[in-house]
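The structure's right below; bear with me while I get my questions together.
In what follows, chains are A, B, ... by sequence order, proteins preceding strands, each numbered from 1.
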Amino acid sequence: MTIKIFNTLSGKKQPLEPIEPGHVKLYVCGITSYDYCHIGHARSALAFDMIVRYFRYRGYRVTYVRNFTDIDDKIINRAADQHTTTVELANRFIDEFYVDMDRLGIDRPDLEPKATEHIPEMVDLIAELIAKGMAYPSGGDVYYAVNCFPQYGKLAHRNLDDMQAGARISINEQKRHPMDFVLWKGSKPGEPAWDSPWGPGRPGWHIECSAMSRKYLGDTFDIHGGGKDLIFPHHENEIAQSEGANGKPFVNCWIHHGFVTIRDEKMSKSLGNFLTIRDILNHYHPEVLRFFIFSTHYRNPLDFSETAMLDAAAGLERLYACIAQVEALAKSRPQPGEGSIGRKDLEAIDAVEGRFQQAMDNDFNTAQAQGILFDLAKIINRLCKTLPAPPAATDVEILDLATRTMKRLAAIMGILNEEPAAFLQARKDQLLAGLDIDEDRILALINERYACRAEKNWARGDAIRDELLAKGIELKDGPEGTTWSVKRS
RNA sequence: GGCGGCGUAGCCAAGUGGCUAAGGCAGUGGUCUGCAAAACCAUUAUUCAGCGGUUCGAAUCCGCUCGCCGCCUCCA
C-alpha cells in the first residue's frame with residue numbers, strides 16, 4: 001500500500017514517490033508575521049502537522065521546512081501604525097505564533113527560515129533570472145517577464161488570456177506585461193532596505209520561497225503545500241521563478257488545503273468575521289479544535305460554529321470515556337483463567353490499524369479515520385459491558401492493548417494525548433465556569449442526597465437531583481458512588 | 001466574464017462503478033437503574049439537488065438545469 005495524495009498540478013491523486021527513497025522533502029508557506037493568527041492559520045499548521053506525523057508513522061524520514069515572511073508591505077504599514085520597527089513587529093508576532101502553536105501541540109518543522117535572513121540567496125536568484133532574460137529591472141524595481149515562461153498558469157489551470165479577461169490588474173507602466181510580477185521592490189526613503197545590484201530595496205513576496213526551498217531542499221523536491229488561496233498567484237509565481245532559473249521541475253506534488261469559513265463565508269479582516277486561535281482556545285480545549293479540524297477532509301471547506309465545536313467536544317469525550325473505562329477495569333483485580341472475548345471481536349480489533357491506514361493512505365482521509373476510531377471504541381465499550389464481574393486478566397490485557405492502539409493512531413491527529421481523567425475534569429471545570437454553581441456546593445448536595453437515599457427517602461433524593469439538573473448538573477449513580485457531569489445544553 | 005469546487009438523514013460528515021450508503025451529534029424504543037445518567041442493543045436516507053444519458057450495474061462516469069462557495073487583488 002502506498003500513500004496517495006491529491007496533486008493540484010495534475011488534478012489527480014498520485015502515489016507518493018519521494019525522489020530520495022524513504023525521505024520526503026516538504027516545504028510549506030508559513031505566516032506573514034504582523035498580527036495574531038486566526039483559525040485558518042491553525043488549520044494550515046494542523047493539516048501539515050498531521051501529514052508529517054503520518055509520513056513518520058509510515059516509516060518515512062521527513063525534512064519539513066516552513067518559512068516566516070518577516071518583511072513585506074503589510075508589515076511595513078503595521079509597524080508604522082504602531083510606531084515600531086518591522087523587525088520588532090515581525091519578531092513579536094513570531095513569538096505569539098509559537099505561543100499558539102505550542103498550545104495546539106504542533107511539532108516544530110525541521111527548519112523555519114526567515115525571509116530577511118536570506119536576502120543574498122534571493123538576490124542571486126533574481127540575478128540568474130535577469131541573466132537568462134526572464135526578468136528585467138525597471139524604475140528601481142525588478143520584474144519577472146511572464147511571457148518568457150510559456151507554462152505560466154499550469155498550476156492554477158488557466159492561461160494569460162483568461163486572466164487578462166478578468167481585468168482586475170493594476171496599471172503599472174513600468175511593467176512590460178500586465179501580469180509581470182515584482183521580484184525586487186526599490187525602497188522609498190525611510191523604508192527598510194537591503195543593497196542590491198539594482199539599488200536599495202526589498203524582495204517581492206514570491207521570491208523568498210523559491211530561494212529558501214532551493215537552499216534547503218534542492219532544485220526539485222517532493223511536496224509543496226499551503227492554503228488554496230496561495231495557488232494563484234503565489235505558487236504559480238514560485239514555479240515560474242524556480243523553473244525559470246533552474247531549468248528543472250520545481251515540485252512534484254502540490255498540496256492545498258481548504259478554508260475555514262464562518263456562516264459559510266471565508267474569514268477575512270474586511271468582513272470582521274475572523275477568530276484568532278487564542279480566542280478559540282480560551283473557550284475550548286486544544287484537542288477539541290484538532291478533533292473539529294480533522295472531522296472534515298483537509299481539502300474541503302470547514303465551517304466554524306459553536307455547535308460544531310460542541311459536537312466535536314462530545315465526540316472526543318466519548319473516546320476518552322472509553323479509555324477511562326478500560327483503565328478502571330484494569331484496576332478491578334482481574335482474575336487468572338480463560339478469557340471470554342470471542343474470535344470475531346479479536347479480528348475486528350486487529351483489523352482497526354489496517355483500516356485506519358487505508359483511510360489515511362487515501363489522501364489523508366482523517367474524517368474516515370476518526371470513524372474507525374469510533375468503531376474501535378464501540379467494540380471496546382461493548383466488551384467492557386459484557387465481561388464477567390471480575391474480568392479475566394487476558395481479556396483486560398486485550399482491551400488495554402486496544403486502547404493503546406487507539407491512542408497511538410489518534411496521536412497522528414494529535415488527540416487522546418491527555419490522561420482521560422484529566423481531560424474529562426478539565427472539560428468539566430470549563431463548563432462549570434459558565435454555570436451558577438460551584439463544585440463544593442455540588443458535592444455538598446450529593447452528600448446530602450446520599451444520606452437520603454440510604455434512608456430510602458427517594459423523594460428528597462430526587463428533589464436534590466432535580467435541583468442540580470435545573471442548574472445544569474447531571475448525576476450518575478454507580479457502584480462506586482455518585483459522580484456528576486455538566487449537561488450539554 | 002474566465003477557471004475550480006461543492007450540493008449525501010434534523011445537524012456535521014465519509015463513500016477510489018458492484019456485498020446491508022461509514023462514523024459523530026441530536027431523536028425514538030429497549031436492557032441496566034428505586035427513578036435517572038453513562039454504556040450497550042435496536043431504530044432513524046428504498047435513497048444520494050433535479051432531469052436526461054453511458055453501463056448488466058452509478059451517490060460514484062458524461063451532459064444539461066437549479067442552488068451555494070472559492071480563486072482571478074493582500075490572504076491559510
Quiz item: Over how many whole Å does the gap from A:F364 atom CZ to B:rA13 atom P extend?
Solution: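 So the two atoms are 21 Å apart, to the nearest Å.
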
Exercise. Determine the interatomic distance between P on B:rU16 and the same-named atom on B:rU60; round to the nearest Å.
Key: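 Their P atoms lie roughly 10 Å apart.
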
Quiz prompt | Check: A:Y298 ring centre within less than 6.0 Å of A:H257 ring centre | solution =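 Judged by ring-centre distance (under 6.0 Å), A:Y298 and A:H257 do not meet the cut-off.
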
Exercise. Indicate, with a heavy-atom threshold strictly under 4.0 Å, whether A:K74 touches base, sugar-phosphate, or nothing.
Key: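 A:K74: backbone/sugar contact only, no base atoms under 4.0 Å.
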
Protein-nucleic acid N or O pairs under 3.5 Å, nucleotides 16-19 of chain B:
none

Quiz item: Which pairs with one or both residues in residues 285-302 of chain A pass salt bridge (charged side-chain N to carboxylate O under 4.0 Å, His left out), sequence neighbours excluded?
Solution: A:D49-A:R290, A:R299-A:D363

Short N/O separations, protein against nucleotides 34-41 of chain B, under 3.5 angstrom:
residue	atom	partner	partner atom	Å
B:rG34	N7	A:R453	NH2	3.4
B:rG34	O6	A:R449	NH2	3.4
B:rG34	O6	A:R453	NE	2.9
B:rG34	O6	A:R453	NH2	3.4
B:rG34	N1	A:D462	OD1	2.9
B:rG34	N2	A:D462	OD1	3.2
B:rG34	N2	A:D462	OD2	2.5
B:rC35	O2	A:R465	NH1	2.8
B:rC35	O2	A:R465	NH2	2.2
B:rC35	N3	A:R465	NH1	2.4
B:rC35	N4	A:D477	OD2	2.9
B:rA36	N6	A:D477	O	2.9
B:rA36	N1	A:D477	N	2.6
B:rA39	O3'	A:N381	ND2	3.4
B:rA39	N3	A:K385	NZ	3.4
B:rC40	OP1	A:R318	NH2	3.4
B:rC40	OP1	A:N381	ND2	3.2

Quiz item: What nucleic acid atoms does A:L230 come within less than 4.0 Å of, heavy atoms only: base, sugar-phosphate, or nothing?
Solution: sugar-phosphate

Quiz item: Would you call A:R202 and A:D72 a salt bridge, taking side-chain N to carboxylate O under 4.0 Å as the test?
Solution: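 Salt bridge between A:R202 and A:D72, a charged N being under 4.0 Å from a carboxylate O: no.
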
Quiz prompt | salt bridge (charged side-chain N to carboxylate O under 4.0 Å, His left out) pairs, two or more places apart, involving residues 317-332 of chain A | solution =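 As it turns out, the salt bridge (charged side-chain N to carboxylate O under 4.0 Å, His left out) pairs with a partner in residues 317-332 of chain A, which skip direct neighbours, are A:E317-A:R427.
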
Practice problem: Using ring-ring contact (aromatic ring centres under 6.0 Å, His included) as the criterion, list what pairs up with A:F181, not counting sequence neighbours. | Solution: A:Y144, A:H206

Quiz item: Among all residues two or more places apart in sequence or in another chain, which pass the side-chain hydrogen bond (donor to acceptor under 3.5 Å, both in side chains) test with A:D303?
Solution: A:T261

Practice problem: Return the nearest nucleotide to the side chain of A:H38; candidates are B:rA76, B:rG23, B:rA14. | Solution: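 Among the listed nucleotides, the one closest to the side chain of A:H38 is B:rA76.
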
Quiz item: Within the structure shown, what part of the strands sits under 4.0 Å from A:G40 by heavy-atom distance: base, sugar-phosphate, or nothing?
Solution: base

Exercise. With heavy atoms under 4.0 Å as the rule, sort A:F232 into base, sugar-phosphate or nothing.
Key: sugar-phosphate

Quiz prompt | B:rU43 versus B:rA22 - spacing of their P atoms, nearest Å | solution =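 Each nucleotide's P atom is 12 Å from the other's.
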
Exercise. For A:Q14, check side-chain hydrogen bond (donor to acceptor under 3.5 Å, both in side chains) against everything at least two apart and list the hits.
Key: A:N7, A:S10

Quiz item: Looking at A:N159, does any N or O in its side chain come under 4.0 Å of the phosphate oxygens OP1/OP2 on B:rG2?
Solution: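 Result: no.
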
Exercise. Identify whether any heavy atom of A:D375 sits under 4.0 Å from a base atom; if not, whether one sits that close to sugar-phosphate; answer base, sugar-phosphate or nothing.
Key: sugar-phosphate

Practice problem: Mind running side-chain hydrogen bond (donor to acceptor under 3.5 Å, both in side chains) on A:K13 and A:N362 for me, showing each step along the way? | Solution: CA-CA 8 Å; A:K13 283 183 201 170; A:N362 183 19; 2.8 Å; yes

Quiz item: Side chains of A:E265 and A:N273: do they bring a donor and an acceptor to under 3.5 Å?
Solution: no

Quiz prompt | Pairing residues for A:T296 by the side-chain hydrogen bond (donor to acceptor under 3.5 Å, both in side chains) criterion, not counting sequence neighbours | solution =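 Scan of A:T296 (side-chain hydrogen bond (donor to acceptor under 3.5 Å, both in side chains), adjacent residues dropped) gives none.
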
Practice problem: Apply ring-ring contact (aromatic ring centres under 6.0 Å, His included) to A:Y320 and list each qualifying residue two or more places apart in sequence or on a separate chain. | Solution: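 A:Y320 satisfies ring-ring contact (aromatic ring centres under 6.0 Å, His included) with A:F423 once adjacent residues are dropped.
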
Pairs: protein N or O with nucleotides 5-7 of chain B N or O, under 3.5 Å:
none

Output a table of donor-acceptor pairs, distance under 3.5 Å, between side-chain atoms of residues 459-471 of chain A and any protein atom two or more places apart or on a different chain; print 'none' if there are none.
residue	atom	partner	partner atom	Å
A:R460	NE	A:E448	OE2	3.2
A:R460	NH2	A:E448	OE2	2.8

Quiz prompt | Output field: ring centroids A:Y36/A:F97 closer than 6.0 Å | solution = no

Quiz item: Which string of ( ) [ ] | and . matches RNA chain B, if you list each base 5' to 3' and count Watson-Crick or G-U pairs only when both distances are under 3.5 Å?
Solution: (((((((..(((.....[....))).(((((.......))))).....(((((..]....))))))))))))....

Quiz item: Can you tell me how far C1' in B:rC48 sits from the matching atom in B:rA9, rounded to whole Å?
Solution: 10 Å

Practice problem: May I ask you to say what A:A367 touches in the nucleic acid, namely base, sugar-phosphate or nothing, with a heavy-atom cut-off under 4.0 Å? | Solution: base

Quiz item: Quantified in whole Å, what is the C1' atom distance between nucleotide B:rC12 and nucleotide B:rG7?
Solution: 14 Å

Quiz item: Hey, are A:K4 and A:D361 close enough for a salt bridge, meaning a charged N less than 4.0 Å from a carboxylate O?
Solution: no

